[in-house]
Amino acid sequence: GESVGLHLPTLSVQEGDNSIINCAYSNSASDYFIWYKQESGKGPQFIIDIRSNMDKRQGQRVTVLLNKTVKHLSLQIAATQPGDSAVYFCAEYDYKLSFGAGTTVTVRA
Amino acid sequence: KAGVTQTPRYLIKTRGQQVTLSCSPISGHRSVSWYQQTPGQGLQFLFEYFSETQRNKGNFPGRFSGRQFSNSRSEMNVSTLELGDSALYLCASAPDTGELFFGEGSRLTVL
């Protein structure tokens, strides 16, 4: 079965607000995690990754937090824009990607 | 730099038929992986090829097969199609391991 899961299937956020998407994993030996964004009709697009020797990593408007104690990671999107509307997946990588079920983010104008 | 190209983008088949999907990776990438995406099962790993050899395999029946050519292009084949094979088939390439770059997928409908 899947080792990676997301807490909520949907998230509605007001434009300009910050978004937080959560993900739990079960394999304590996992050491590489990736967040993907998938827009309608497209393939998953890499957003940001983090290795287990880090707690936090920042990109452009995005931050990933990793809590190894509770096996939880989150994706924070600052100042959410309409173009951020998509399905977001967390994935664990060893020799393959194991994806969570995805969270659909809808940005309200 | 061109991205991952998958063909065809859409196709319709009937039960019992077979289908071949093609993937051209990003230039210089030697690893090609295939994933199946369905509403019920989400994204699931099919197999990975590296330098013309299958390096890893997921939990799919033998009806699902693939190959990789010397130019790193890859094909996957599904024989004796079933209704449940209807899905978006995604190809991803990587230089070796690590960050995968996905194509836009081939959407297969089995009637």
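Chain letters run A, B, ... following the sequence lines, proteins first and then strands; every chain starts at 1. Every heavy atom of this structure was used, including side-chain atoms; hydrogens, water molecules and symmetry mates were not.
When the side chains of ILVMFWY residues are joined at heavy-atom separations under 4.5 Å, either directly or via intervening members, Leu21(B) and Val4(B) end up in two distinct hydrophobic clusters. Linking ILVMFWY side-chain heavy atoms closer than 4.5 Å, directly or via other members, places Val62(A) and Trp35(A) in a single hydrophobic cluster. Cluster annotation: Phe89(A) is not connected to Leu46(B) through the hydrophobic network of ILVMFWY side chains, with a link wherever side-chain heavy atoms come within less than 4.5 Å.
Heavy-atom minimum distance, Leu100(B) versus Tyr36(A): O-OH, 3.4 Å.
Between the NZ atom in Lys42(A) and the CZ atom in Phe102(B) there is a gap of 15.5 Å [rounded to 0.5 Å]. To the nearest 0.5 Å, atom NZ of residue Lys96(A) and atom CD of residue Gln44(B) are 9.0 Å apart. Residue Gln37(B) holds its CD atom at 8.0 Å from CZ of Phe99(A), rounded to the nearest 0.5 Å.
With hydrogens and angles ignored, the 3.5 Å screen pairs a side-chain donor or acceptor of Tyr35(B) with a backbone N or O of Leu97(A).
The number of heavy atoms from other shown groups lying within 6.0 Å of CG (Asn53(A)) is above 12. Arg73(B) CZ: more than 12 foreign heavy atoms inside a 6.0 Å radius. Taking a 6.0 Å sphere around CZ of Arg15(B), one finds it holds 12 or fewer heavy atoms contributed by other residues, nucleotides or ligands.
Among Gln6(B), Glu99(B), Arg9(B), the residue making the largest number of heavy-atom pairs under 4.5 Å with chain A is Glu99(B).
Both the backbone and the side chain of Tyr95(A) come within less than 4.5 Å of a heavy atom in chain B. Heavy atoms closer than 4.5 Å to chain B are found nowhere in Gln45(A), neither backbone nor side chain.
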